[in-house]
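Here is the structure we will look at, set down as structure tokens.
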Amino acid sequence: MTILIIIIVLALIFDYINGFHDAANAIATVVATKVLTPFQAVVWAAFFNFLAYWVFGFGVADTVAKTADTMQIDLVVILAGVIAAICWNLLTWWLGIPSSSSHTLIGGFAGAAVAHAIAVHGFSGYVGEDGTTHYWYEIVSWYKAGKDGGMPSGVIIIIAFIVLAPLVGALASYLISIWLLNASRKNIWPKIFTVLLMIATIWFVYTQMVPYEEIIKDGHKPRFESSVFWSVAFEPHNIKWLLVAFIVLTVSAFCLIFSSLNLHQADGALKKMQLLSSAAFSLGHGGNDSQKVMGIIAAAVVVYINTNPGVHMDPWLDVALPSEDGAFRMPPWIPLACYSAIAAGTLSGGWKIVKTMGSKITKVSSFEGVAAETAGALTLYFTEHLKIPVSTTHTITGSIIGVGLTKRVSAVRWGVTVSLIWAWVLTIPISALLAGLVYFVLSVFI
């Protein structure tokens with residue numbers, strides 16, 4: 001039990017560090033464009049980090065919790081992974097490198113699990129309880145096909161999104177920037193496109209909504225039992241799509257009037273829209289990154305229960321990872337603690353990384369800020385919907401690059417970008433190696 005408590009405390013400390021390490025992702029552009037002061041920006045971002053508690057489900061947490069086979073590891077594995085993740089996060093924060101907290105945690109968890117498998121079974125095969133031969137590398141969930149042709153999961157998919165997340169963010173921000181630029185011209189065609197996009201958005205979101213009958217299926221209690229409307233609106237799946245519709249329709253409404261505004265009016269409107277886009281991104285940041293820590297804590301509790309089969313099940317230990325016939329069960333204190341920790345961390349800020357994200361990649365104005373943050377937020381919502389833990393750092397960096405490309409290729413400082421990419425590529429293997437070393441050291445004493 002002592003090790004479990006230590007893991008929970010360290011995981012929440014990691015979540016706090018994640019908050020101030022990644023604070024720059026959401027606030028760099030609003031600070032760079034002087035829409036908010038640094039203090040106002042971190043309060044704004046922290047508020048929406050915490051607000052994500054009521055918006056997102058546990059899809060990403062499920063993916064992280066299943067990084068390694070919880071039936072084959074012990075608590076020392078998770079402890080080593082968390083310690084390694086904290087060390088790498090603090091080092092990159094100190095050096096001002098916007099690396100991925102998400103991939104640090106995944107790499108640490110996987111690396112410690114592999115070290116455990118090698119320590120217990122060596123490099124040769126061994127016969128498992130199912131009577132088949134297994135190998136040390138199988139302890140990590142590298143790839144798992146999706147159900148009914150759905151999105152596959154596993155560490156390989158997470159690694160793939162090291163490249164895909166910034167690319168999606170860059171493409172989205174590039175397209176949004178082109179859309180805004182054309183909307184600023186006195187031409188009827190951009191307005192026709194915008195109206196068609198608004199209609200398509202409303203239709204698409206409507207088709208994605210889960211009806212009340214599905215929400216209460218199998219005895220599930222809605223958030224507002226007294227009101228069907230609010231129960232449907234605040235169902236985590238539905239509220240995400242409603243937020244997507246709100247973001248797209250707000251930008252669309254601005255595009256319809258953009259060409260009628262003078263330069264001063266347009267700049268003022270864009271600065272107000274930056275508040276919306278940064279809030280949307282902070283919401284995605286909180287929902288995406290807090291879930292990773294939830295997954296680690298949930299995995300730790302499940303491992304504790306597996307390794308102590310006779311333990312008395314207190315309500316605070318009532319955790320169950322999803323199976324073929326069951327849903328993710330998690331006591332409320334875990335998500336509440338995780339969202340509180342990341343919000344507190346964001347309040348602490350991360351000014352070294354703010355400078356890199358807000359000015360070193362490309363010069364950012366209100367126009368670019370809106371495009372980058374909107375694209376980043378939509379990318380985070382999309383990947384969270386697919387239950388893929390991506391890096392908010394990678395996503396917003398790609399979005400800022402996409403905005404810079406609309407001006408000219410040379411507007412992006414590629415030297416800085418290449419350095420960031422090296423940090424991204426090295427994060428998982430370095431975290432894994434560090435976690436493996438920490439595991440072997442801890443095994444001597446525990």
Side-chain angles (χ1 to χ4, degrees), residues 2-4 6-8 10-11 14 61-88 100 102-145 152-160 162 292-309 311 319-324 389 425-446:
T2 303
I3 297 177
L4 176 62
I6 292 172
I7 289 171
I8 292 171
L10 287 177
F14 173 84
D62 171 30
T63 301
V64 173
K66 292 180 176 178
T67 298
D69 186 351
T70 53
M71 297 299 293
Q72 297 188 53
I73 62 175
D74 55 26
L75 289 177
V76 179
V77 169
I78 301 178
L79 179 60
V82 174
I83 290 173
I86 289 174
C87 291
W88 180 247
S100 168
S102 312
H103 295 138
T104 302
L105 198 60
I106 297 293
F109 192 8
V114 168
H116 171 75
I118 293 171
V120 174
H121 303 292
F123 291 99
S124 58
Y126 63 95
V127 179
E129 294 181 1
D130 56 359
T132 60
T133 302
H134 298 275
Y135 295 91
W136 55 274
Y137 52 82
E138 292 178 359
I139 197 169
V140 173
S141 176
W142 297 104
Y143 180 86
K144 183 178 180 182
S153 60
V155 174
I156 289 176
I157 301 300
I158 295 170
I159 292 172
I162 292 178
K292 294 153 192 170
V293 179
M294 287 183 223
I296 290 294
I297 294 176
V301 175
V302 169
V303 169
Y304 173 74
I305 294 169
N306 290 341
T307 52
N308 297 275
V311 70
V319 172
L321 301 184
S323 59
E324 295 295 328
V425 170
L426 293 173
T427 291
I428 287 183
I430 289 179
S431 299
L433 287 171
L434 182 59
L437 292 173
V438 173
Y439 171 80
F440 286 122
V441 171
L442 290 177
S443 298
V444 174
F445 301 99
I446 301 177

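Since this is a predicted model, take the numbers as computed values, not measurements.
Trp136 and Ala117 get closest at one heavy-atom pair: O-CB, 3.4 Å. Closest non-hydrogen pair, Gly295 versus Ala65, comes out as O-CB, 3.4 Å. Scanning both residues, Leu4 and Leu75, for their nearest heavy atoms gives N-CD1, 4.0 Å. Across all their heavy atoms, Gly108 and Ala435 have their closest contact at O-CB, 3.1 Å. Looking at every heavy atom in both residues, Thr67 comes nearest to Val64 through OG1-O, 2.7 Å. Nearest heavy-atom pair, Thr63 versus Pro389, reported as atom, atom and distance to 0.1 Å: CG2-CD, 3.7 Å.
Going from atom NZ of Lys66 over to atom OG of Ser141 covers 8.5 Å, rounded to the nearest 0.5 Å. The line from CD1 of Ile3 to OH of Tyr304 is 10.5 Å long, rounded to the nearest 0.5 Å. A distance of 4.0 Å separates CZ in Phe123 from CD1 in Ile118, rounded to the nearest 0.5 Å. Between atom CD1 of residue Ile139 and atom CE of residue Met71 there is a gap of 12.0 Å, rounded to the nearest 0.5 Å. Taking CG of Leu105 as the start and CD1 of Ile86 as the end, the distance is 9.5 Å to the nearest 0.5 Å. Separating the NZ atom in Lys292 from the NE2 atom in His103 is a distance of 7.0 Å, to the nearest 0.5 Å.
Looking only at side-chain heavy atoms (C-beta outward), Leu79 and Ile446 come within less than 4.5 Å of each other. Residues Thr70 and Asn306 have side chains in contact (heavy-atom distance under 4.5 Å, counting atoms from C-beta outward).
Without hydrogens or angle criteria, Trp142 side chain to Ile157 main chain gives no donor-acceptor distance under 3.5 Å. Remark: the backbone N or O of Gln72 is paired with a side-chain donor or acceptor of His116 at under 3.5 angstrom. Looking at Ser431, its side chain never comes within 3.5 Å of a backbone N or O of Ile428 through a donor-acceptor pair. A side-chain donor-acceptor contact under 3.5 Å links Asp74 to the backbone of Val77.
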field: Candidate pair Leu442 and Ile83, rule side chain to side chain contact (heavy atoms under 4.5 Å, CB included), full reasoning
entry: CA-CA 11 Å; Leu442 290 177; Ile83 290 173; 4.1 Å; yes
field: CA sep, side-chain torsions, deciding dist, call: Phe109, Ile73, side chain to side chain contact (heavy atoms under 4.5 Å, CB included)
entry: CA-CA 11 Å; Phe109 192 8; Ile73 62 175; 3.8 Å; yes
- prompt: Are Cys87 and Leu434 close enough, and set up right, to give a side chain to side chain contact (heavy atoms under 4.5 Å, CB included), and what steps lead you there?
  reply: CA-CA 9 Å; Cys87 291; Leu434 182 59; 4.0 Å; yes
Phe445 and Val441: CA distance, side-chain angles, deciding distance, side chain to side chain contact (heavy atoms under 4.5 Å, CB included) verdict: CA-CA 7 Å; Phe445 301 99; Val441 171; 4.1 Å; yes
